[in-house]
K.L.:
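Following this message is one structure expressed as structure tokens.
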Amino acid sequence: MRRLVLVGLGLLVGVAGCAPAGSVPGGPASGGSVPGGSVVGGASGGAGRQGEEFDRRAAEVAGAWRPGPDWSTGYLPLQDATVLTGDPGFDADTETAFRSGWYRDQIELPTAVPADAAIRFPDGALSVPLISAAEAYRQLDQGDPPPCEGRPRMPPAPSPTVAGRPDDSVATRAATACVPLTVTGVTLGTAEVRTSRGIAAVPAWLFTVAELTTAVARLAVAPRAVTAVPVPAAPSRTLPGGVAGVDRLRRVDGDRLTYDVALGACDSGPAALVREGDDVVVVGGGTVPGTGECIDLAVLKPVTVTLAAPLGTRPVLDVATGRVLTLAAH
């Protein structure tokens, strides 16, 4: 067993390095069950040792879940505080800038703190204090892009012309410039956010970005009004071999979940492993360790699974740590 560092995500992941030739975990947990829940998903091969071990671990994780009263009465966001309000029209560079938090402002950012406003949940409303647009921008902006060899760090000047027409060679270089996103306006509005009480309309500062086709929202709720997501006790047993943990949710769409599984660079898979109960969903990934020598590197690979019922207000827990998984910025 080697301990691998997932670079850039601050996550330590225990991943099997290299297994002896011929050692293959049992089939995934397709169709298995435990009291109070069911295990679904996975690749072909049927339920086997891998599925049974996931099943037992997932039952322990689900049994330890104790959310407390604030889960159903307070404001517990279950996704990143930066939210896209529509299709951004990303290209490779603008998506990198968005995911990295690279911005530059071209406006005077208001420092006044607005009056309290309401978060509107499916089951009611909650009045909360807000932060200023300037503070929201400070949270949004994660710094400048690093130097990109052979590429400008700031938007280039307009392309020169050749015989009255743009010089295509210069225009092509400009299109791949390593630049931050340019904020040209800001207004106070709302954004739809997944919370412990369902999808809520949450006050947000909406930043107009020149390079995108939709606004980038930064949630405007003051930190003192945000209830921390419960941190459950770690499971007592070691994570079974052939079962991998989950980093974050990528997407929740009704009864479909897409999430990132952390596995070794030479491992095959992952297969989706999911235990679905009435109050909680536990997820993981089934993997087959690679053989021979392998680089000490963990990678994230997405899987998608369809639940028996829409997720609703149920939390999604990582089988490795028991923690609540949140949605990545989207």
K.L.:
Are Arg248 and Asp80 close enough that some pair of their side-chain heavy atoms sits under 4.5 Å apart?
P.N.:
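The answer is yes, as the side chains (C-beta and beyond) meet within the 4.5 Å cut-off.
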K.L.:
Kindly compute the distance separating CD1 (Ile199) from CG (Leu78), expressed to the nearest 0.5 Å.
P.N.:
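The distance works out to 9.0 Å.
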K.L.:
Within the 4.5 Å heavy-atom criterion, are Leu239 and Arg57 side-chain neighbours or not?
P.N.:
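SC-SC contact between Leu239 and Arg57 confirmed.
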K.L.:
Side chains of Thr96 and Asp93 only: does a donor on one sit below 3.5 Å from an acceptor on the other?
P.N.:
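There is no such pair between these side chains.
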K.L.:
Which atoms form the tightest heavy-atom contact between Glu211 and Thr94, and what is the distance?
P.N.:
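Reported closest heavy-atom pair: CB-CG2, 3.9 Å.
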K.L.:
With side-chain contact (heavy atoms from CB on, under 4.5 Å) as the test, would you mind laying out the steps for Val283 and Asp318 before giving the verdict?
P.N.:
CA-CA 6 Å; Val283 295; Asp318 170 32; 5.7 Å; no
K.L.:
Is any side-chain heavy atom of Trp205 closer than 4.5 Å to one of Leu140?
P.N.:
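No, every pair of side-chain atoms sits at 4.5 Å or beyond.
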K.L.:
Could you list the residues that satisfy ring pair (Phe, Tyr, Trp, His ring centres under 6.0 Å) with Trp102, not counting sequence neighbours?
P.N.:
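In terms of ring pair (Phe, Tyr, Trp, His ring centres under 6.0 Å), with neighbours along the sequence ignored, Trp102 is linked to no residue.
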K.L.:
Out of curiosity, Glu53 CD to Arg56 CZ, how far, rounded to the nearest 0.5 Å?
P.N.:
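Going from CD on Glu53 over to CZ on Arg56, the span is 5.5 Å.
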K.L.:
Mind listing the closest non-hydrogen atom pair of Leu273 and Gly285 along with its distance?
P.N.:
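Scanning both residues, the minimum pair turns out to be CD1-C, 3.7 Å.
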K.L.:
Can you measure from OG1 (Thr258) to CG (Leu327) and round to the nearest 0.5 angstrom?
P.N.:
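These two atoms lie 10.0 Å from each other.
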K.L.:
Measuring from Ile131:CD1 to Tyr137:OH, what's the distance to the nearest 0.5 Å?
P.N.:
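If we round to the nearest 0.5 Å, Ile131:CD1 and Tyr137:OH are 14.0 Å apart.
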K.L.:
So, for Arg194 and Leu325, which heavy atoms are closest and what is the spacing to 0.1 Å?
P.N.:
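It is NH1-O, 4.3 Å.
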K.L.:
After noting the C-alpha distance and the side-chain angles of Phe207 and Thr82, does the key distance pass the side-chain contact (heavy atoms from CB on, under 4.5 Å) rule?
P.N.:
CA-CA 10 Å; Phe207 292 94; Thr82 300; over 6 Å; no
K.L.:
Do other residues, nucleotides or ligands put more than 12 heavy atoms under 6.0 Å from the CD atom of Glu108?
P.N.:
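Atom CD in Glu108 is not crowded, with 12 or fewer foreign heavy atoms closer than 6.0 Å.
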K.L.:
Given the rule in the side-chain contact (heavy atoms from CB on, under 4.5 Å) test, do Leu249 and Val316 qualify, once you have shown the distances and angles that lead to the verdict?
P.N.:
CA-CA 9 Å; Leu249 292 175; Val316 181; 4.0 Å; yes
K.L.:
Restricting to salt bridge (charged side-chain N to carboxylate O under 4.0 Å, His left out), what partner residues turn up for Arg256, sequence neighbours left out?
P.N.:
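For Arg256 there are no salt bridge (charged side-chain N to carboxylate O under 4.0 Å, His left out) partners, ignoring immediate neighbours.
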K.L.:
Using a 3.5 Å cut-off and no angle test, enumerate the donor-acceptor pairs between side-chain atoms of residues 68-76 and protein atoms at least two apart in sequence or in another chain.
P.N.:
{"residue": "Ser72", "atom": "OG", "partner": "Pro69", "partner atom": "O", "Å": "3.4"}
{"residue": "Thr73", "atom": "OG1", "partner": "Pro69", "partner atom": "O", "Å": "3.1"}

K.L.:
Listed by chain and number, what are the salt bridge (charged side-chain N to carboxylate O under 4.0 Å, His left out) partners of Asp141, not counting sequence neighbours?
P.N.:
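Counting only residues at least two positions away or on another chain, Asp141 forms no salt bridge (charged side-chain N to carboxylate O under 4.0 Å, His left out).
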K.L.:
A side-chain contact here means heavy atoms from C-beta on lying under 4.5 Å apart; do Val186 and Thr208 qualify?
P.N.:
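No, side chains not in contact.
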K.L.:
If hydrophobic clusters are built from ILVMFWY residues whose side chains come within less than 4.5 Å, do Trp65 and Val231 share one?
P.N.:
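No; Val231 is not reachable from Trp65 via cluster members.
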K.L.:
Got a sec, which pairs hit salt bridge (Lys or Arg N to Asp or Glu O under 4.0 Å) with one end in residues 218-239, sequence neighbours left out?
P.N.:
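For residues 218-239, and leaving out neighbouring residues, the salt bridge (Lys or Arg N to Asp or Glu O under 4.0 Å) pairs sorted by first residue read Glu60-Arg237.
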K.L.:
First locate atom CG of Leu257, then atom CG of Leu307, and finally report the distance between them rounded to the nearest 0.5 Å.
P.N.:
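One gets 4.5 Å once the value is rounded to the nearest 0.5 Å.
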K.L.:
Taking the side chain as every heavy atom from C-beta outward, state whether Leu212 and Phe90 have any pair of such atoms under 4.5 Å apart.
P.N.:
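They are in contact (side-chain heavy atoms under 4.5 Å apart), so the answer is yes.
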K.L.:
I'd like to know whether Asp260 forms a salt bridge (Lys or Arg N to Asp or Glu O under 4.0 Å) with Arg250, so could you lay out the CA-CA distance, the side-chain angles of the two residues, the decisive distance to 0.1 Å, and finally the verdict.
P.N.:
CA-CA 7 Å; Asp260 285 327; Arg250 281 198 179 196; 2.7 Å; yes
K.L.:
To the closest 0.5 Å, what do you measure between OG (Ser100) and CG (Asp144)?
P.N.:
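The distance works out to 11.5 Å.
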K.L.:
Please find the pair of heavy atoms, one from Pro88 and one from Thr214, that lie closest to each other, and give the distance.
P.N.:
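Minimum heavy-atom separation between Pro88 and Thr214: CA-CG2, 3.6 Å.
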K.L.:
Please determine if Asp279 and Arg314 form a salt bridge, counting it only when a charged side-chain N lies under 4.0 Å from a carboxylate O.
P.N.:
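A salt bridge is absent here (no side-chain N lies under 4.0 Å from a carboxylate O).
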K.L.:
Is the backbone N or O of Ala309 less than 3.5 Å from a side-chain atom of Glu276, with the two atoms forming a donor-acceptor pair by type?
P.N.:
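Yes; at least one donor-acceptor contact below 3.5 Å.
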K.L.:
For a quick test of reading the model, state the closest non-hydrogen atom pair linking Val229 to Pro77 and the distance between them.
P.N.:
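Reported closest heavy-atom pair: CG2-O, 3.9 Å.
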K.L.:
Please confirm whether the backbone N or O of Gly284 pairs with a side-chain atom of Tyr259, one donor and one acceptor, at under 3.5 Å?
P.N.:
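Flag set: sc Tyr259 to bb Gly284 pair under 3.5 Å.
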K.L.:
Are Val193 and Gln79 close enough that some pair of their side-chain heavy atoms sits under 4.5 Å apart?
P.N.:
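Side chain of Val193 against side chain of Gln79, heavy atoms only: contact under 4.5 Å found.
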K.L.:
If you take all heavy atoms of Gly322 and Leu317, which pair is closest and at what distance?
P.N.:
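Closest pair (atom of Gly322, atom of Leu317, distance): O-CD2, 3.8 Å.
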K.L.:
Kindly indicate whether the side chain of Leu206, heavy atoms from C-beta on, has any atom under 4.5 Å from the side chain of Thr85.
P.N.:
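A side-chain contact under 4.5 Å exists here.
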K.L.:
Hydrophobic cluster membership, with links at side-chain heavy-atom distances under 4.5 Å among I/L/V/M/F/W/Y: are Val221 and Leu188 in one?
P.N.:
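Looking at the clustering, Leu188 is in the same group as Val221.
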K.L.:
Checking Gln50 side chain against Gly242 main chain: does a donor-acceptor pair fall under 3.5 Å?
P.N.:
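Between the backbone of Gly242 and the side chain of Gln50 there is a qualifying donor-acceptor contact (under 3.5 Å).
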K.L.:
Would you mind writing out the side-chain donor-acceptor pairs for residues 117-130 within the sub-3.5 Å range, not counting sequence neighbours?
P.N.:
{"residue": "Asp123", "atom": "OD1", "partner": "Arg197", "partner atom": "NE", "Å": "3.3"}
{"residue": "Asp123", "atom": "OD1", "partner": "Arg197", "partner atom": "NH2", "Å": "3.0"}

K.L.:
So that I can tick it off, tell me whether Glu95 and Arg99 are bridged by a salt bridge, with the cut-off set at under 4.0 angstrom between side-chain N and carboxylate O.
P.N.:
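Salt bridge between Arg99 and Glu95, a charged N being under 4.0 Å from a carboxylate O: yes.
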K.L.:
Any side-chain heavy atom of Val274 sitting closer than 4.5 Å to one from Val281?
P.N.:
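Touching, per the 4.5 Å side-chain cut-off.
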